[in-house]
Structure formats: C-alpha cells, structure tokens
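Written out below as structure tokens is the structure these notes cover.
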Amino acid sequence: MGDRGPRSGASAGDRLRVVLVEDNVLLREGLTALLREHDVEVVDSLGEAGPLAAVLDLATARARVDVAILDIRLPPTFTDEGIRAAVALRRTRPGLGVLVLSQYVELAYTAELLAAGSAGVGYLLKERIGDVREFLDALRRVAAGGTALDREVIAELVGARSAAAGPGELAALTAREREVLALMAEGRSNSAIAATLVVGPGAVEKHIANIFAKLGLPAVAADHRRVLAALTYLRATEPA
Amino acid sequence: MPLIEEPDLMTAPDLTTRVPRPRRMSRSLAVQLRLSVAAVAICTVIWWVVGSHSYFWPKWVWLPLGTLSVAHASLREVALRTTGRARLLALHGWIAVLVILFLTVVWTFADPGDRFWPRWVVFAFFLSLIVHVALARPGRRRGASDVERVLTERVDELTRTRRGALDVQTVELRRIERDLHDGAQARLVALSLKLGRAEERLREQPEAALLVREAHRDADLAIAELRELARGIAPPILADRGLAEAVRALGRRSGIAVAVRADVPRRLPPSVELAAYFIVAEALTNAVKHAGTPTHPATATVTLDVVGATLVVQVADDGPGGANALGSGLAGLAQRAAALDGTFTVGDLGSASPGGSVGGTVVRAELPCG
C-alpha cells in the first residue's frame, strides 16, 4: 500500500466528508449530530455494510470522501462485519481513511486493520467520541493519512511487553518516556503529545530521540511509520 | 468459519424430538442378497443353456443360498425386535423352524418316497424348546440384561440432553452479552456522547461544566465496568475469532508474562470453547495471585492441543506450587470440565527450575470436543 500523503488540493480548514456505518439508531443519530456540530459533513449514514461500496461510489463521484467510520458489529451476523468491510476498504480504496469504532477493542482486530499499512487507519472505543476534541483530532489524523489507535489497546500491548521483557528493555525507559511511547503508538503527533503531557514540544522531541535510541528503533520521520515501528517493538513478544 | 453443531442463535434447539432408529437393510445382508441372486441367476442360465431339462440341478444352489439369506434377514429382525431372555427364546425357536424347513426341503428334493427322516430333528428341537421354556418361565423376573438395557438407554439420553443443555446455556450467555451490548452499553455510550457535547456548551459556566464533566467520567466508568462484565459472561473475541486468539488476549491482560502455544486446527463446539476459556482465565488469575513474588514475578505457559476428539488445555506457572485443588476457584473449574464429561487435574510440576525455585503448578483439563 502506498503512502497516503496529504489530500491533494485540501487545506487544513477544509470540511471533512465522512460516511458513517452504525446499526444502533441512538448512536448513529448522536454521532451524526456531533459531527455536524463540528463542521464535518456526514455524506451518508448506513445501518449495514452491504450498500457501502455503492454509496461510496456515488459520493466520491461528487466530491472526495475522507473517512469511512464503521462500527464492528453490524447486520446480518453481528460479529465482525465491520472489520471485514474495513479491511476490504483498505484494499480497494487506499486513499480512503478508515476509522473503526467499537464497544470493545481487541488487539487481534488492530493487527488485521494494520496489515495493509498504518496510514489512514483508526480503531477507537466508541466512548472516546464523548471526548469531542480528542475524537475530532483523531478523525482528522486518519483523514490526513495518520493513525489513531485507542489507548486501551496500546496499554494492553505495553503491559504485556513490560511483563514479558527482561530488565533493560522497556524497564530502561523512564516513566515519562513510556508515556510518550504509548502516545506515539496511538498515532499522536509531537504537538498532540506535548499538549497531552503538558510539556513543551522540544521536550517531546528529546524524549522520542531517547526512546528510539534505547529501544533501537529505526529512525523514521512520518508519524504513521513511527507508529508501525513502535507497534512492531511492542508486539515483539507475540508468538508467530 | 463453520462451527461444529452450532445451534441456531435465534431459537433454542428442540430437545423433545427423538432420533428415530434407521430401518434400512444392513449392508452385509444387501451384499449377501446380491451375491445369492447373482449365483442363482448364473446357475439357472447355465442349466437352461446346456439343455438337459430333465433334472433341475440348480435347486441345490437355490436351497442353501436361499436358506442363508432368509436366515440372515429373519434372525436379524428377531434380534432387533426382542431383548434379553425373550430374545434367546425367540432365536432358539426361529432357528428350529429354519432348520426343520431346510431339512424338509432337502427331503423333498432328494427322495420324497422315503420315510420322513427329518422327524428325528423335529423331535429333538421340540424337546429342547420345551426345556428352554421351562427354564425361562419360573419367576420371569427382570434379568440382568434388561436392567442393563434400560440403564444404557438412560445414560445415552442423559448424555445427549446434558450436551444439549450446555449448548443452550452457551447460546443464552451470548444472547445476554448481545443484549447488554445493544441495550445498556449502547445507551451509556449515547449518554456519554451527549454529556461531551453538553460540556462544550458550558465553557462560560465553569461550575456547571465541572458537574457535567464529573457525570461524564461516571458514565465512562460505568461503560468500562459493563465491558468487563460482558467479557466475563461471553467474550466477543471468543465467538468471533476462536479459542486461541481469546486465550492470547487473556495472556496479554493478565499482568504477568504468559506464553501461549495453541494448536487448535478448527473451531470447537461453543460450550467447549467457553469452558476452556474460563478454565484458562481462572488458572491465570490464580497464578497472578499466588505464583509471583515482588522480586520474582510469575511466568505462565498456556498450551492448547486437540488430540483426537479431545481438547487438552494446560496452564503451568513457575511459582511455588502447592495449589489447593479444592480452593473455590479451582473447584468450580473441575465442575465445568465434569459438566462436559471431561477431566480436570491440578498438580505440582515437581522438578526444580533453572532459576532455583522448586515447584510450579500445572492445571490441566481434557474436554471431549467430538
């Protein structure tokens, strides 16, 4: 999958256009209202994934669609339709950002979503939407080709890595550096990390440089690539 | 992925219909009949072709083959329709009839002019049948074979209905999880969204904003608690991705280093997957509680194997060992395994590990998975 660079011809202030797939009416309406309040155009909202391809074809004929937001549990079987649709979208429309929302997050699904690359993909718990500013930030990140992974799934990874690792690996990082590593793995930009930890951007850059050095991670510039680097490191204890 | 015997998630299986016994002809009988008919047809054709139409010699082929086929079919029917002492008597009588008939036909074919020599055989069978009846008559109490038959049938029925009941329970648990997901959990998420939007509108009123923010946090806590609850009832990852993936997730969340070796080539019956999952969950919880020390955190290894028609689940830790098999958590696991007709053992590894600690606990369950 090629790099998903900045949207051509788009500026930072452009209105985002999204398609929403969520079968629960309450949530569909709540999310649509929230998005519209924040200048995001909900091109269409569906209750199942079947018509999605057709809807996207129609919508992109008029203007670009930035992100497809999908629930995981959808009709007809209410198991993993959303993940399967998301993975298919990553394959067939590499320029389209995909944000998967769910009431539970599992690393297995994260891996499936990231298998086609970490550019323009997000996987968040639904309740994160209530934190409006952060949610919109995540949505814009995905639209711009970045990554947005839920902190619970990263925390699970970091916890497992800490438990599995011997002394001298994650233990070599300071508590602050571990925080920065987790935020990096979520896909946050340097400025977002600085804002979250309430430190200056220079401090963040220093922390990141230390992390890369201590863990022996390859030095990469693009945010989504460094997400992959962080995740690859964190997943190193997973059995093949 | 296709599941073995997956019950329809919308309706419970009907436990009242009985499977009727098949009434097809047995394969051996069918083969015998075909061979007999073939042999008889060939002989008759040869006789007809050869031309000496005076003596119908094929009758000597017809007779034994016909008798064998009739005997096979009729004796099998008698054996199927009767049991116990009645069966012995019926078989005895029917064999007598067959033998006498056979000998009579032989006498007819050979030389009917002679005296009816089979009469001696008739007399002998008559005596033997009288003796048999006389011995069987007095106190026709239920023989051991009758009791055995009733018990065997009852055990078969109980095994069937118990497996059915467990499958129903698993389907029920999944339905509860689904209802939680679509109902209370979804409502709380919608509530959390609304509170987030309300917070935004209260920037000018810090006191109200604070209250709303606290309400928002409470809602999020409730959401997280419900999520844990749902995971403890019927974890979605288990239903969607299977036992191996669900166990890996358990290992990552446990807080200790857990290595998972899974060799499960196919999906297993839902009740088996659920029982195995909870066995691993409880065993890991135990390991976290008892096996580690601050200086030497525990590590655990989970192995999942399908050997023939049995799922073997094993959780081993490197703690001090000495687990109490009757401790409430582990006792519940023994019950789960027993409900599936499986076995459950808790023991010490017994050998010294390279790190110097002796012991380690092994929890092992074997669950039939058909």
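Residue numbers start from 1 in every chain, and the chains themselves are labelled A, B, ... in the order their sequence lines are given, proteins ahead of strands.
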Is it the side chain or the backbone of [X] that comes within 4.5 Å of chain B heavy atoms, both, or neither?
X      : value
A:D131 : backbone
A:F78  : both
A:E112 : side chain
A:V105 : backbone
A:E152 : side chain

- Distance-only, no hydrogens or angles: does the A:Q103 side chain make a donor-acceptor pair with backbone N or O of B:H181 under 3.5 Å? yes
Which pair of heavy atoms, one from [X] and one from [Y], lies closest together, and at what distance?
X      : Y      : value
B:A190 : A:L27  : N-CD2, 3.6 Å
B:G255 : A:A163 : O-CB, 3.9 Å
B:L193 : A:L31  : CD1-N, 4.0 Å
A:G30  : B:R197 : O-NH1, 4.1 Å

Given that the side chain runs from C-beta out, which part of [X] has a heavy atom under 4.5 Å from chain A: side chain, backbone, both or neither?
X      : answer
B:R217 : neither
B:L195 : neither
B:R231 : side chain

- B:R261 atom CZ, neighbour heavy-atom count above 12 within 6.0 Å: no
- Output the distance between atom OH (A:Y104) and atom CD (B:Q185), rounded to the nearest 0.5 Å. 10.0 Å
- Hey, are the side chains of A:R73 and B:P236 touching, using non-hydrogen atoms and a 4.5 Å cut-off? yes
- Item | Validation row: A:Y109, B:D240 side chains within 4.5 angstrom (heavy atoms) | yes
- Query: Who among B:A186, B:S192, B:G196 has the most heavy-atom pairs with chain A under 4.5 Å?
  - Reply: B:A186
- Query: Does any donor atom in the side chain of A:H38 or B:E200 lie under 3.5 Å from an acceptor atom in the other side chain?
  - Reply: yes
- Message: Shorter than 4.5 Å, heavy atoms on both sides: which option in A:L34, A:L26, A:N24 has the most such pairs with chain B?
- Response: A:L34
- Task: Show your working on salt bridge (charged side-chain N to carboxylate O under 4.0 Å, His left out) between A:R133 and B:E199 and close with a plain yes or no.
- Result: CA-CA 11 Å; A:R133 215 172 21 185; B:E199 251 184 271; over 6 Å; no
- Message: Using the salt bridge (charged side-chain N to carboxylate O under 4.0 Å, His left out) definition, which of the options B:R227, B:R253, B:R241, B:R248 pairs with A:E106?
- Response: B:R253
- Verdict with supporting geometry, A:E127 and B:H216, side-chain contact (heavy atoms from CB on, under 4.5 Å): CA-CA 10 Å; A:E127 62 240 46; B:H216 191 174; over 6 Å; no
